[in-house]
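Note that the structure is predicted; figures quoted are calculated from it, not measured.
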Amino acid sequence: SQTVLVLVNNATPGDLLFLKKVLAAVNLDTDDIGLLTLGNVSPSDVRDAIFGGQVQHFMAFGATFAEADIDIRITPYEPVRFFGTTFLMADALADIEADRSLKKRLWETLKQVFAWR
């Protein structure tokens with residue numbers, strides 16, 4: 001099974017619906033992912049979840065890695081693989097949903113990420 005951890009910042013129900021569609025496009029169900037919301041989890045919980053060895057893909061939407069206390073310098077939409085986990089940072093879900101070019105960018109990136117399986 002795919003182990004995907006998604007970190008969001010203040011996601012609305014609409015944002016989560018959009019996330020569900022995005023994940024479905026790469027054959028992931030919301031049951032396949034762990035969803036963490038900044039403010040509801042401590043940075044150490046995020047770190048423990050990632051480095052506990054179960055997470056293959058870690059995606060942050062509208063949240064920076066610094067906010068999750070992860071010291072990895074990364075360019076948005078340019079996935080990086082570290083220690084068996086793919087890290088991806090992108091804009092907030094609402095921003096992506098409202099912007100065609102960001103949607104396209106995210107889709108291209110996700111196709112690349114999930115081809116790495």
Nearest-0.5 Å distance that lies between atom CG in Asp48 and atom OG in Ser42: 7.5 Å
Thr85 (side chain) donor-acceptor with Val55 (main chain) under 3.5 angstrom: yes
Cluster overlap Trp107 with Ile33, hydrophobic side-chain contacts below 4.5 Å: yes
Test of ring centre spacing under 6.0 Å for Phe87 and His57: no
Leu7 and Phe61, any side-chain heavy atoms less than 4.5 Å apart: no
Pair Thr64-Glu67, side-chain donor/acceptor within less than 3.5 Å: yes
For Lys103 against Phe18, the heavy-atom pair lying closest together: CE-CE1, 4.0 Å
Shortest non-hydrogen separation from Thr109 to Tyr77 and the atoms involved: OG1-O, 3.4 Å
Backbone N/O of Ile70 and side chain of Arg47: donor-acceptor pair under 3.5 Å: no
Test item: Leu106 and Asp91 side chains (from C-beta on) under 4.5 Å apart, heavy atoms: no
Non-hydrogen side-chain atoms of Asp71 and Arg73 separated by less than 4.5 Å: yes
Chi angles and distances behind the side-chain contact (heavy atoms from CB on, under 4.5 Å) call for Val6, Leu36: CA-CA 6 Å; Val6 175; Leu36 300 175; over 6 Å; no
Close side-chain approach of Ile74 and Phe65, heavy atoms under 4.5 Å: yes
Pairwise side-chain contact, Phe114 with Leu28, heavy-atom cut-off 4.5 Å (strictly under): yes
Nearest non-hydrogen partners of Met59 and Leu110, listed with the distance: SD-CD2, 3.6 Å
Distance-minimising heavy-atom pair for Ala90 and Ile96: CB-CD1, 4.1 Å
Nearest-0.5 Å distance that lies between atom CZ in Phe58 and atom CG in Leu5: 5.5 Å
Minimum-distance pair of heavy atoms, taken over all atoms of Asp15 and Leu93: O-CD1, 3.7 Å
Heavy-atom check, side chain of Pro13 versus side chain of Leu16, under 4.5 Å: no
Residues Glu108 and Lys111 bridged, charged N to O under 4.0 Å: yes
Interatomic distance, Lys20 atom NZ to Asp29 atom CG [nearest 0.5 angstrom]: 6.0 Å
Considering all heavy atoms, the nearest Ala68-Val46 contact: CB-CG1, 3.9 Å
Chi angles and distances behind the side-chain contact (heavy atoms from CB on, under 4.5 Å) call for Phe82, Ile72: CA-CA 9 Å; Phe82 280 111; Ile72 294 174; 3.2 Å; yes
